[in-house]
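All chains are named by letter (A, B, ...) in the order of the sequence lines, taking the proteins before the strands, and each is independently numbered beginning at 1. Just so it is clear, the model here is predicted, and its values are computed rather than measured.
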Protein chains: 2
Amino acid sequence: MDKKNHQFLSDKTVEEASRTFKVLADPTRIKILYLLSQEECSVTHITEVLNMSQSAVSHQLRTLRGLRLVKSRRDGNHFYYSCSDQHVINTLTQVITHIDCE
Amino acid sequence: MDKKNHQFLSDKTVEEASRTFKVLADPTRIKILYLLSQEECSVTHITEVLNMSQSAVSHQLRTLRGLRLVKSRRDGNHFYYSCSDQHVINTLTQVITHIDCE
DNA sequence: TATCTATATGATCATATGTTCATATAGATA
DNA sequence: TATCTATATGAACATATGATCATATAGATA
């Protein structure tokens, strides 16, 4: 039971890290975030590009909004979404880059 | 439907990224990987440090082994585990560092 | 050799999560 | 104002996942 020079993680840190990775663990959210990292998009546009149901996209956007990873602005009947957490985007991009360069 | 200068992700890339993030999404695996990133550990040691059942730890190690994120060596009755995917460790460390510096 | 220790693993069960379906709503338009 | 369009959301359902329990196994030791 000798405690060495470890950096122990607090439960809070672990939970927060888990939360971050959980968001990125879903293929649909990966696609949405990657798309939004390149341009602001309306829900309809996301739906068309990803070839998904409007409902599924909206639900995922709600999740992402709840975690403050995306933000939206209204223009008439359209809502335009964009990324609002550069760190998460960086993490996503790094992993994708690493995968693609193999 | 105008396709702009997007980097589109292949399904394979998305799936692979998802797989990576899924592993890191579980608190138990975060703790195990972080511990192993600091020192090689026996299953018993992990079990004690993380205060978890031997079975739960073994199951997670099996998962991690299957994804080649950890490797093990035998010494008599003990199995010593260590990390074998530095990129995943880097990703984990970066996210944790970002969380802790806030 | 009988037993103990360290580890692995299959089955089961509860929980979490993502999609679909149906429906609600606000702004635009006829 | 009636209707259409874009988006949001609750309910229901199927699937995935992690922990536990019971048990198996190989090496160490009495």
Side-chain angles (χ1 to χ4, degrees), chain A residues 1 11 14-36 39-82 84, chain B residues 1 11 14-36 39-82 84:
Chain A
M1 221 61 96
D11 284 355
V14 172
E15 281 307 320
E16 175 88 26
S18 169
R19 223 172 298 133
T20 298
F21 289 123
K22 270 198 180 79
V23 197
L24 294 170
D26 178 66
T28 297
R29 286 192 294 268
I30 290 178
K31 290 179 197 166
I32 292 178
L33 284 173
Y34 196 72
L35 180 57
L36 293 183
E39 60 166 353
E40 192 187 53
C41 298
S42 68
V43 178
T44 304
H45 186 65
I46 299 173
T47 299
E48 287 169 357
V49 171
L50 302 189
N51 192 33
M52 293 185 55
S53 76
Q54 178 266 317
S55 181
V57 170
S58 269
H59 276 298
Q60 292 298 357
L61 286 173
R62 179 181 162 80
T63 298
L64 294 172
R65 239 169 36 225
L67 294 165
R68 317 213 175 256
L69 302 190
V70 302
K71 62 190 174 198
S72 65
R73 75 180 169 82
R74 178 179 220 143
D75 181 14
N77 234 357
H78 295 252
F79 280 81
Y80 290 94
Y81 280 82
S82 56
S84 59
Chain B
M1 217 63 92
D11 284 355
V14 172
E15 281 308 320
E16 174 88 26
S18 169
R19 222 172 300 134
T20 298
F21 289 123
K22 270 199 181 79
V23 197
L24 294 171
D26 178 67
T28 297
R29 285 192 295 266
I30 290 178
K31 291 179 197 166
I32 292 178
L33 284 174
Y34 196 72
L35 180 58
L36 293 183
E39 59 166 354
E40 192 187 53
C41 296
S42 68
V43 178
T44 303
H45 185 65
I46 300 174
T47 298
E48 287 170 356
V49 172
L50 303 189
N51 193 33
M52 293 185 55
S53 77
Q54 177 267 317
S55 181
V57 170
S58 269
H59 275 298
Q60 291 299 356
L61 286 173
R62 179 182 161 80
T63 299
L64 295 171
R65 238 167 39 224
L67 295 166
R68 316 213 175 256
L69 301 192
V70 302
K71 61 191 173 195
S72 65
R73 75 180 170 82
R74 179 178 219 144
D75 181 15
N77 234 357
H78 294 252
F79 280 82
Y80 289 93
Y81 279 83
S82 57
S84 59

Query - Nearest non-hydrogen partners of B:Ser72 and B:Phe79, listed with the distance - result: OG-CD2, 4.2 Å
Query raised in the report: Is the ring centre of A:His59 under 5.5 Å from the base ring centre of D:dT9, and are the two planes under 30° apart, so that they stack?
Result: yes
Requested in this report: Output the single nucleotide from D:dT17, D:dA8, C:dT9 whose closest atom is nearest the side chain of A:Arg65.
Outcome: D:dA8
Requested in this report: Send over the distance from B:Met52 CE to D:dA19 C1', rounded to a whole Å.
Outcome: 8 Å
Requested in this report: Report the C-alpha distance between B:Thr44 and B:Glu48 in whole Å, list the side-chain angles of each, state the deciding distance to 0.1 Å, and finish with yes or no for side-chain contact (heavy atoms from CB on, under 4.5 Å).
Outcome: CA-CA 6 Å; B:Thr44 303; B:Glu48 287 170 356; 3.7 Å; yes
Query raised in the report: Under 4.0 angstrom, heavy atoms only, what part of the nucleic acid is A:Tyr80 near: base, sugar-phosphate, or nothing?
Result: nothing
Query raised in the report: Within this structure, what is the CG-to-P distance between A:Asp26 and C:dA16, rounded to whole angstrom?
Result: 17 Å
For nucleotides 26-30 of chain C, tabulate all protein N/O to nucleotide N/O atom pairs closer than 3.5 Å, reporting atom names and distance.
residue: C:dG27; atom: N2; partner: A:Asn77; partner atom: ND2; Å: 3.3
residue: C:dG27; atom: N3; partner: A:Asn77; partner atom: ND2; Å: 3.4

**Report entry** Flag side-chain contact, heavy atom, 4.5 Å: A:Leu36 against A:Leu69
**Finding:** no
Requested in this report: Round to a whole Å and report the spacing from CG of A:Leu61 to P of C:dG18.
Outcome: 13 Å
Query raised in the report: Ring-on-base stacking between B:His78 and C:dT7, under 5.5 Å between centres and under 30° between planes: is it there?
Result: no
**Report entry** Side chain proximity check, B:Cys41 to B:Val49, heavy atoms < 4.5 angstrom
**Finding:** no
Report summary line: From CZ of B:Phe79 across to P of C:dT5 the rounded distance in Å is 18 Å
Query - Residue pair B:Glu39, B:His45: steps toward the side-chain contact (heavy atoms from CB on, under 4.5 Å) verdict - result: CA-CA 11 Å; B:Glu39 59 166 354; B:His45 185 65; 3.3 Å; yes
Query raised in the report: Is any N or O donor-acceptor pair between the side chain of A:Gln54 and the base of D:dA6 shorter than 3.5 Å?
Result: no
Report task. Just call it for B:Ser42: base, sugar-phosphate, or nothing, with non-hydrogen atoms closer than 4.0 Å on any strand. Result -> sugar-phosphate
Requested in this report: Would you please enumerate the stems DNA chain C participates in, each stem being three or more consecutive Watson-Crick or G-U wobble pairs with both distances under 3.5 Å?
Outcome: C:1-30 with D:1-30
Query - C:dA6 phosphate, OP1 or OP2, under 4.0 Å from B:Tyr81 side-chain N/O - result: no
Query raised in the report: How long is the line joining CD1 of B:Ile46 and C1' of C:dT7, in whole Å?
Result: 11 Å
Requested in this report: Using modelled atom types only, decide if a donor and an acceptor are shared between the side chain of B:Ser18 and the backbone of B:Val14 within a distance under 3.5 Å.
Outcome: no
Requested in this report: Can you tell me the distance, in whole Å, between the CG atom of A:Leu64 and the P atom of D:dT9?
Outcome: 13 Å
Requested in this report: May I have the distance from A:Glu48 (atom CD) to D:dT5 (atom P), rounded to whole angstrom?
Outcome: 14 Å
Query - Upstream residue (5' side of DNA chain C) when A:Lys22 and A:Ser53 are each assigned their closest nucleotide - result: A:Lys22
Query raised in the report: Distance-only, no hydrogens or angles: does the B:Arg19 side chain make a donor-acceptor pair with backbone N or O of B:Phe21 under 3.5 Å?
Result: no
Query - More than 12 heavy atoms from other groups under 6.0 Å of NZ on A:Lys22 - result: yes
Report task. Check every strand shown and say whether A:Ser58 touches a base, only sugar-phosphate, or nothing at a heavy-atom separation below 4.0 Å. Result -> base
Report task. Please assess B:Leu50 against B:Val57 for the test side-chain contact (heavy atoms from CB on, under 4.5 Å), listing each intermediate value before the final yes or no. Result -> CA-CA 9 Å; B:Leu50 303 189; B:Val57 170; 5.5 Å; no
Query raised in the report: Heavy atoms under 4.0 Å, any strand shown: does B:Ser55 hit a base, just sugar-phosphate, or nothing?
Result: base
Report summary line: When rounded to whole Å, the CZ to P distance for the pair A:Arg29 and C:dT19 reads 8 Å
Query raised in the report: Looking only at side-chain N and O atoms, does A:Thr28 come under 4.0 Å of OP1 or OP2 in C:dG18?
Result: no
Query raised in the report: Hey, is the side chain of A:Thr44 poking within less than 4.0 Å of OP1 or OP2 on D:dT5, counting only N and O atoms?
Result: no
I'd like a table of donor-acceptor pairs (distance under 3.5 Å, sequence neighbours excluded) in which one partner is a side-chain atom from residues 60-68 of chain A, with atom names and distances.
residue: A:Gln60; atom: OE1; partner: A:Arg29; partner atom: NH1; Å: 3.0
residue: A:Thr63; atom: OG1; partner: A:His59; partner atom: O; Å: 3.3
residue: A:Arg65; atom: NH1; partner: A:Tyr81; partner atom: OH; Å: 2.8

